[in-house]
Amino acid sequence: MNEEDLLKRSAEEREKIFKRYEQGREGAEIDPWEDPGFEVYHATDRYGFIHDKRLPSKVDPQEAKKLQIEVERQKKWVKMLKNWDNSTVKEKLHSRVYKGIPNSLRTDAWCKLLQVDKVKKENKGKYTEMMRLARKYSTDARQIDSDVNRQFREHLHYRERYSIKQQSLFNVLTAYAMYNSEVGYCQGMSGLAGVLLMYMDEEDAFWAVHTLLTDPKYAMHGLYKEGFPKLTRFLAHHDRILTKLLSKVKKHFDKHGLDAILYSLKWFFVCFIERVSDILNLTNKLPRIVKLVKRSKEFVSPICHFQYGERVITAMAYTILKLHKRQLLKLSDMDSIVHYIQVKLYKDFVYDEDSVIRHLENSMEELKKTQIRLTWTSSETAKEAAEREKECQLSVGDSVGFTGTDTENNSTLGSCTSLASKSSICDSIGSSVEECTRL
């Protein structure tokens with residue numbers, strides 16, 4: 001088969017995939033394994049997650065108290081959202097984010113924190129254009145199609161094949177792969193977009209993803225681009241934190257040949273939000289998203305991440321190991337340590353939400369004060385890196401894949417690839433952990 005035939009075949013396959021999502025469930029050929037029957041489940045919680053065990057018929061007294069507290073918080077958040085730009089609101093935002101944004105107000109709050117309306121207004125019509133280009137040129141449609149069907153399979157809105165939310169997730173991911181051609185599509189992005197779509201419509205979720213990837217406060221761009229330079233840096237800094245602040249745990253892990261990537265890869269890669277629950281039989285992470293999306297407390301991403309940026313991710317990884325230090329030191333081999341972190345903690349994190357929140361706040365302050373210093377070589381090197389990062393962030397939004405509509409910007413964007421080779425630059429820059437984790 002020659003190149004022309006391969007391109008023709010690829011275009012036909014892409015068109016078929018897009019047509020299936022455009023058509024939705026009506027008339028679609030769906031295999032039984034793709035579309036689990038609702039009768040195998042017994043209950044759906046108020047966040048849309050389906051449980052394989054029947055939920056209690058009576059409301060637990062503690063849960064009832066939490067719901068009442070959330071109702072009181074709703075009143076405060078409604079006032080905050082109406083006066084968002086007020087200086088008093090910004091002062092209160094810190095403590096109220098930690099306490100948790102009421103579920104009914106997360107759509108407005110998330111959009112405010114990520115400035116979605118502003119970005120959308122500045123790029124009117126761009127999302128529609130990216131969807132059009134994706135349908136015509138996307139090289140990621142097949143992979144995205146596969147991943148959409150794997151994402152959040154035990155959430156009511158994602159359960160059925162080609163459901164409205166599956167359609168939205170497919171549209172957001174294919175469109176963004178065209179918009180930010182340097183990153184394209186990476187599997188971790190489906191979890192990120194999937195959580196956002198639980199509370200936002202398509203276009204808002206698209207621009208929220210864009211903000212998280214390109215805004216210097218979050219700078220998730222480097223987690224997903226080729227070579228994963230920022231992921232590498234997060235792992236390296238995690239090791240440095242353990243060496244200085246949890247030296248016994250670090251030595252214990254080293255003794256048993258346990259590299260940080262074996263247990264923390266997903267923590268950093270999708271900021272604690274991808275595996276919404278092994279606890280719910282979905283996949284694999286800690287109580288984080290069950291307490292992040294399923295509860296009023298979201299102690300890592302998205303909420304704390306939206307407010308405080310990337311430094312909360314490093315702090316949360318440190319907090320998890322600090323809280324379970326004694327148990328980890330008792331384990332005598334690599335497999336049991338990994339099993340404890342990846343399985344046992346997801347089923348029973350031991351600590352309640354309020355306790356985790358307090359420890360996370362303390363960890364962030366501890367890391368801020370500790371100032372884990374690295375070795376300087378040249379201030380000019382740091383300055384150059386910062387300038388190149390800014391140039392990279394500005395160019396990402398103008399990238400339109402290989403359509404070639406902006407040669408100058410695509411050229412600039414291409415230069416961002418060289419940042420991957422500079423992932424070791426933090427080794428030569430004296431800065432705090434939260435500063436050094438930027439790409």
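Given the structure is predicted, the values throughout are model-derived calculations rather than measurements.
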[X] side chain to [Y] backbone, donor-acceptor under 3.5 Å:
X    : Y    : value
T174 : A141 : no
R14  : S138 : yes
R73  : I101 : no
Q68  : V71  : no
Q342 : L262 : yes
Y351 : L323 : yes

- [ ] Evaluate the ring planes of Y176 and Y179, with Trp represented by its six-membered ring, and classify them as parallel (under 30°), tilted (30 to 60°) or perpendicular (over 60°).
- [x]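 Ring orientation of Y176 relative to Y179: tilted.
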Open item on the list: Does the plane of the ring in F268 sit parallel, tilted or perpendicular to the ring in F234? Use 30° and 60° as the thresholds.
Closed with: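 Judged by the thresholds at 30° and 60°, the geometry between F268 and F234 is parallel.
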- [ ] Could you tell me whether H210 and Y127 have their ring centroids closer than 6.0 angstrom?
- [x] no
TODO: Have a look at L192 and tell me which of L173, L213, V172 forms a side chain to side chain contact (heavy atoms under 4.5 Å, CB included) with it.
DONE: L213
Open item on the list: So, applying side chain to side chain contact (heavy atoms under 4.5 Å, CB included) with K19, which one of K16, E15, Q23 is it?
Closed with: E15
TODO: Could you walk me through whether W207 and K126 pass side-chain contact (heavy atoms from CB on, under 4.5 Å), step by step?
DONE: CA-CA 10 Å; W207 292 116; K126 183 68 74 174; 3.9 Å; yes
Between [Y] and [X], do the side chains contain a donor N or O and an acceptor N or O under 3.5 Å apart?
X    : Y    : answer
N103 : Y199 : yes
D147 : Q143 : yes
D145 : Y21  : yes

- [ ] Check the surroundings of atom CG in L329: do more than 12 heavy atoms from other residues, nucleotides or ligands lie under 6.0 Å from it?
- [x]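 It does: L329 CG has more than 12 such atoms within range.
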TODO: State plainly whether the residues R132 and E129 are in salt-bridge range, i.e. N to O under 4.0 Å.
DONE: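 Counted as a salt bridge, because a side-chain N and a carboxylate O are separated by less than 4.0 Å.
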Task: Lys/Arg-Asp/Glu bridge criterion (N-O < 4.0 Å) met for E160, R25 - done: yes
Does any part of the side chain of [Y], heavy atoms only, come nearer than 4.5 Å to the side chain of [X], both counted from C-beta?
X    : Y    : result
V356 : M316 : yes
M131 : E202 : yes
S336 : H339 : no
E72  : I69  : no
K344 : H324 : no

